[in-house]
Student: 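Have a look at this one.
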Amino acid sequence: MITLADFHSEFQTVKEHMRDAVLDVLSSGNYILGPKVREFEDVSATRLGIPCALGVANGTDALLLALEALQIGKGDEVITTPFSFFATVECIVRVGAKPVFVDIEPDTYNLNPEQLEAAITDKTKAIIPVHLFGQCADMDPILEIAHRQNAFVIEDACQAFGADYKGTPAGAIGDVGCFSFYPTKNLGAFGDAGLLVTKHAEVYRRASQLRNHGSTERYIHWNVGVNSRLDEVQAAVLLVKLQVVDEWTKRRIAIADEYTQALSGIYQTPVVRPHGTHVYHQYSVRHPEREKVRAFLADMGIQTQVYYPVPLHLQPVFGSTWRVGDFPIAERVANEIFSIPVHPMLTAADVSEVIQALQEIAVDGP
Ligand SMILES: *Cc1c(COP(=O)(O)O)cnc(C)c1O
């Protein structure tokens with residue numbers, strides 16, 4: 001079976017370091033906002049070249065705290081993409097703001113900056129581009145339009161740790177960057193974990209307060225916040241994973257390059273813009289007969305998954321707020337796209353097997 005992730009093999013490669021790091025925390029007695037969280041925040045800030053980094057409980061909370069720290073809420077509009085994981089829009093609704101969607105580019109599946117201008121109103125307070133599958137959205141035009149409107153740019157960089165845009169790391173391009181370290185992400189914890197980064201000291205100050213019940217001094221509360229601290233054990237895990245993440249990303253890119261060389265022309269393979277690197281959180285291809293291709297691959301023991309089968313604007317929770325046809329590119333992509341295994345533990349033989357299967361079904365016709 002060739003699976004979409006192989007946590008067991010990944011663990012074997014870091015086991016010794018991991019055992020030491022986790023046992024250090026367990027024996028320290030320091031379990032909440034201890035030195036490992038601080039170290040992970042410092043190392044991440046340095047790596048991303050950004051002054052402030054705040055460990056939080058997960059990527060969803062990073063987005064939520066970003067909006068709250070920017071004081072976005074009722075009466076405000078936040079623009080985002082209809083083609084992402086639900087958390088992207090969920091956090092907008094959670095703070096009481098109104099989500100406004102802009103359709104995606106048909107080749108990168110990222111928010112289309114050319115359609116952004118038309119969605120701006122005087123209520124637009126933020127734009128949340130998502131760096132989908134590990135490639136940055138085209139940030140320059142997005143930043144330019146946001147700047148003109150005095151709106152903030154919050155990057156949903158949950159799938160893009162290690163990617164860059166014109167040399168700037170994903171997450172460090174806009175006003176606030178949000179990362180998830182959910183186990184499947186390129187930098188994955190052994191549980192939930194997240195990070196908020198920002199260049200604005202005041203936003204950092206507010207977010208750090210909100211992360212811990214609106215408090216920075218014990219039992220003194222300046223705000224109604226939440227409990228969304230990064231776990232000390234997960235911070236220790238992430239510090240170990242940081243030592244291998246670049247090597248693993250390189251491997252993902254090498255596998256992806258091999259796939260693209262073999263499969264372009266048969267499938268709509270990922271398009272990499274010259275503006276930056278793609279770190280292939282997912283390697284996603286499109287085919288009009290997706291379900292037949294997926295069934296064949298399943299028979300061959302190759303796991304696939306659809307990210308995402310239902311665009312955000314058509315989620316049942318939104319009732320008839322939006323309709324089929326509102327964002328046609330996102331809808332079409334949602335019907336045709338599927339992801340194949342690209343994790344760093346794949347062997348050369350696995351990669352050949354995946355390629356062969358995909359070529360075979362294409363030749364026989366799905
Ligand atoms: C994973 C992910 C999130 C949410 O992160 P969690 O850590 O699971 O809360 C948000 N947005 C995108 C694009 C994601 O891929």
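Note that ligands are numbered from 1 as they come in the structure, with each ligand's atoms numbered from 1 the same way. Values below: all heavy atoms of this structure, side chains included; hydrogens, waters and symmetry mates excluded. Not measured: the values here are computed from a predicted model.
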Student: At less than 4.0 angstrom from any non-hydrogen atom of Gly59, what atoms of ligand 1 do you find?
Tutor: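 Near Gly59, meaning under 4.0 Å from one of its heavy atoms, ligand 1 has 5 (O), 6 (P), 7 (O), 9 (O).
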Student: So which of Val130, Leu116, Leu132, Ile104 actually passes side-chain contact (heavy atoms from CB on, under 4.5 Å) with Leu111?
Tutor: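 Result for side-chain contact (heavy atoms from CB on, under 4.5 Å) with Leu111: Leu116.
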Student: When you measure from the heavy atoms of Ser84 to every atom of ligand 1, does any distance fall below 4.0 Å?
Tutor: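 Distance cut 4.0 Å: Ser84 passes for ligand 1.
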Student: Any donor-acceptor pair under 3.5 Å linking the side-chain atoms of Arg229 with those of Asn212?
Tutor: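 Yes, a side-chain donor-acceptor pair sits under 3.5 Å.
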Student: I'd like to check which ligand 1 atoms, numbered from 1 as shown, lie under 4.0 Å from a non-hydrogen atom of Asn58.
Tutor: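 Near Asn58, meaning under 4.0 Å from one of its heavy atoms, ligand 1 has 7 (O), 9 (O).
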Student: At the 4.0 Å heavy-atom cut-off, does Lys185 count as touching ligand 1?
Tutor: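 Yes.
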Student: Count I, L, V, M, F, W, Y as connected when their side-chain heavy atoms are under 4.5 Å apart, and connections chain through other members. Are Val293 and Ile355 then in the same cluster?
Tutor: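 Cluster IDs for Val293 and Ile355 match.
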Student: Would Tyr182 count as a polar contact of ligand 1, with the cut-off being nitrogen or oxygen pairs under 3.5 Å?
Tutor: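 Not met; the criterion fails.
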Student: We want to know whether Tyr283 and Thr260 form a side-chain donor-acceptor pair, criterion being a heavy-atom distance below 3.5 angstrom.
Tutor: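 Per modelled atom types, Tyr283 and Thr260 side chains form a pair under 3.5 Å.
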Student: Suppose we measure from atom 10 (C) of ligand 1 to each protein heavy atom; which comes out shortest, and what is that distance?
Tutor: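 For this ligand atom, the closest protein heavy atom is Cys158 SG, 3.5 Å.
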Student: Give the atom numbers and elements of ligand 1 that come within less than 4.0 Å of a heavy atom of Thr60.
Tutor: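 Here the atoms of ligand 1 in question are 4 (C), 5 (O), 6 (P), 9 (O).
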Student: May I ask you to identify the nearest protein heavy atom to atom 15 (O) of ligand 1, giving residue, atom name and distance to one decimal place in Å?
Tutor: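 For atom 15 (O) of ligand 1, the nearest protein heavy atom is Gln159 NE2, 2.9 Å.
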Student: When you compare the side chains of Thr347 and Asp350, does any donor N or O come within less than 3.5 Å of an acceptor on the partner?
Tutor: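 The answer is yes; a qualifying pair exists.
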Student: For Ala189, what residues pass the side chain to side chain contact (heavy atoms under 4.5 Å, CB included) criterion, not counting sequence neighbours?
Tutor: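 Result, side chain to side chain contact (heavy atoms under 4.5 Å, CB included) vs Ala189: Phe181, Ala193, Gln234, Leu238.
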Student: Under 3.5 Å, is there a donor-acceptor pair linking the side chains of Glu77 and Thr121?
Tutor: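 There is such a pair between these side chains.
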Student: Under 4.0 Å, heavy atoms only, figure out whether ligand 1 is touched by the backbone of Asp156, its side chain, both or neither.
Tutor: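 For Asp156, the contact with ligand 1 is made by the side chain alone.
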Student: Examine Tyr308 against ligand 1 and note whether any of their N/O atoms are separated by less than 3.5 Å.
Tutor: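 Between Tyr308 and ligand 1 (N or O atoms, distance only) the closest approach is not under 3.5 Å.
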Student: At less than 4.0 angstrom from any non-hydrogen atom of Thr88, what atoms of ligand 1 do you find?
Tutor: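 Atoms satisfying the 4.0 Å criterion: 11 (N).
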Student: Consider only side-chain N and O atoms of Asp231 and Tyr31, and report whether a donor and an acceptor are under 3.5 Å apart.
Tutor: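 No, Tyr31 and Asp231 have no side-chain donor paired with an acceptor closer than 3.5 Å.
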Student: At a non-hydrogen distance cut-off of under 4.0 Å, which region of Val130 contacts ligand 1 (side chain, backbone, both, or neither)?
Tutor: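 Within the 4.0 Å criterion, Val130 contacts ligand 1 through side-chain atoms alone.
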